[in-house]
Number of protein chains: 2
Amino acid sequence: MLEAQKSDGTVGKALHVLDQVAEFCRPVRFSELLENSPFPKPTLYRFVQTLTNQGMLSYDPDRQTYAMGVRLVRLAHSAWRHSSLARVARPHIETLATQCGEAVHLAQLDNGHVLFVDKCKISDHFDTLAQAGKIAPGYCTGLGKAILAFMSFEQQQRAISHQSFVPYTPSTLTSSEELKRELNTIRESGVAYDREEHEQGIVSIACPIRTSQGSIVGAVSIATSTRRYSISDLEEYRPALLAVAENIGIEAEVWQVPSWN
Amino acid sequence: MLEAQKSDGTVGKALHVLDQVAEFCRPVRFSELLENSPFPKPTLYRFVQTLTNQGMLSYDPDRQTYAMGVRLVRLAHSAWRHSSLARVARPHIETLATQCGEAVHLAQLDNGHVLFVDKCKISDHFDTLAQAGKIAPGYCTGLGKAILAFMSFEQQQRAISHQSFVPYTPSTLTSSEELKRELNTIRESGVAYDREEHEQGIVSIACPIRTSQGSIVGAVSIATSTRRYSISDLEEYRPALLAVAENIGIEAEVWQVPSWN
DNA sequence: AAAAACAGTTTCAAATAATGAAACTTAGTT
DNA sequence: AACTAAGTTTCATTATTTGAAACTGTTTTT
């Protein structure tokens, strides 16, 4: 499912180990890593040692487990400031969140997955940091579909092939054919919906953030609970959402946020 | 000043390049990197290529610059959840921030530098994410001195040797001797002060977060502006601060947050 | 317009570091 | 005490990294 090392030598392999540890979403033992690893025991062992030395992993001697290291949060600070849309988009999504009183999300795509780079919800403003960096699937979220719909054909093919099509809820799209049909609709209308496809009771309206040349850099969405509003209620914010996405796109271009085209 | 690769082979070198890029605090050209690099041109070139392939760096073709890549924010999400004090400390520092109405900071030490892992200020709650992962010097911040004061002798020596002793303000301690004297005082009193040593007009009171075995895991501080309060006003919050630090220490132990002892 | 300077990229043989089967050392069971 | 599983080390083999030098393309100077 996840892969990234076509032929990037030792460094690529070591980074793959980092991904593996991250995927566990909890501190993990060496033997657990070994089971899911393409590398033989001593090789994996040395990678883990090196990464720990380097502060990319941290080792808990009591529990004998490895977790992601603090050095990453230092490095990511810089990433967040310079390579993500978040810094540029922050004021825009704050305004939008205040305006509609719902959770506003901002995402980029990272290797086929929707990467949340910022979140803004007026009622619980302390959740932000815990959310940034979180990943969600591309095929069953508003943000993901909005991004996928506006990629170039080759990128889209590649990204679609990375999707797992796990049926999270009854409304989840479960095949690349269904997804492609939906993406065509989205490309025409300019807006994507999440109709409880990822989580029961959560719906959202999302739209792509693009540069003036039309290259996709990310997506914004407004999410809400079905207990409060329906999809059609969210329609109300459509113009505001589109306007925000456009403004972010323009600013991102000026600030030269890297896109993937 | 920064170093981390004793002998960690190719992977260590590649990660050193990442650090280099991060240090620039802005998108950087290959040639700029080369000037500050211990590696010969083709070697550095290949590292940068590999890291870009891997999404650890991102390349802007228009400006021909490299910046930290989005993959880092994904990886750091996991780091923040599992290796940092932040998750455990969050409720405690929120309470403290509400109580005193000033900015509360949480830090760990990363290679001799104070690494902000969380920040909580009631009046501008959207600054959090932008702050997490930021680094500050250890010798001239309340948080840094609180951590340094309670390290083992060997660690302290190593950490002190990493300090630059740049005189940010007239009150900055500018030699290891002065710093060591101050650290002794702090070790006795259990509290560290920043008397406008890093930034003119900003003072803080900080105290260490330790496990029951006495090993240091981080520090909490309350910071304020001299235009509103003086150091002696902050004294008022000393008991609350100490209590919060103790509680975080206890919880961190239960949750097995990795320490550096 | 030619020449020079510069930034970025490729080549290739030598040097070095990574590899993994097997052996070994612990720590935890039966 | 014997057994088992997890973690660590060894070492000859193999594959990757290395960097001087050469090359290409772009910009600046003459």
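Letters A, B, ... mirror the listed sequences (proteins, then strands); counts begin at 1. All of these numbers come straight from a predicted model, not from anything done at the bench.
In this structure, A/L33 atom CG and D/dA6 atom C1' are separated by 13 Å, rounded to whole Å. The CZ-P distance, from B/F30 to C/dT10, rounds to 12 Å in whole Å. Regarding A/Q49, its CD atom lies at a distance of 11 Å from the C1' atom of D/dT9, rounded to whole Å. Summarising the geometry, the separation between CD on B/Q64 and P on D/dT26 is reported as 10 Å, rounded to the nearest angstrom. Atom OH of B/Y66 and atom P of C/dA7 are 14 Å apart (whole Å). Rounded to whole angstrom, the span from the CG atom of A/L15 across to the C1' atom of C/dA18 amounts to 16 Å. Between the CD atom of A/E35 and the C1' atom of D/dG7 there is a distance of 14 Å, rounded to whole Å. The CG atom of A/L44 sits 11 Å away from the P atom of D/dT8 (whole-angstrom rounding).
Taking the ring pair (Phe, Tyr, Trp, His ring centres under 6.0 Å) definition, one finds that A/F24 meets it with nothing, sequence neighbours left out. Qualifying side-chain hydrogen bond (donor to acceptor under 3.5 Å, both in side chains) partners for A/S161, counting only residues two or more places apart in sequence or in other chains: none. For B/T174, the side-chain hydrogen bond (donor to acceptor under 3.5 Å, both in side chains) test picks out B/E178, with sequence neighbours left out.
Across the helix from C/dA1-D/dT30 to C/dT30-D/dA1, the helix axis at one end is tilted relative to the axis at the other end by 30° (nearest 10 degrees, each axis from five pairs).
In summary, the side chains of B/H92 and B/E251 do present a donor paired with an acceptor at a separation below 3.5 Å, with no hydrogens or angles considered. Under the 3.5 Å distance criterion, with hydrogens and angles disregarded, no donor-acceptor pair is assigned to the side chains of B/Q49 and B/T52.
Here CZ of A/R74 is found 15.0 Å from NZ of B/K134. Values are rounded to the nearest 0.5 Å.
Closest contact between the side chain of A/S31 and the listed nucleotides C/dG8, D/dG7, D/dT8 involves D/dG7.
A centroid separation of 6.0 Å or more is found between the aromatic rings of A/F30 and A/Y66.
Within the 4.0 Å cut-off from OP1 or OP2 of D/dG7, not a single side-chain nitrogen or oxygen of A/Y45 is found.
Residues in residues 28-51 of chain B take part in these salt bridge (Lys or Arg N to Asp or Glu O under 4.0 Å) pairs, two or more places apart or across chains: B/R26-B/E32.
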Next item on the list: Indicate for each nucleotide in nucleotides 15-23 of chain D, in 5' to 3' sequence, whether protein heavy atoms under 4.0 Å reach the base (B), only the sugar-phosphate (S), or nothing (-).
Entry: -SSBBBB--
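Put simply, the side chain of B/Q64 never gets that close to the backbone of B/D60: no donor and acceptor are under 3.5 Å apart.
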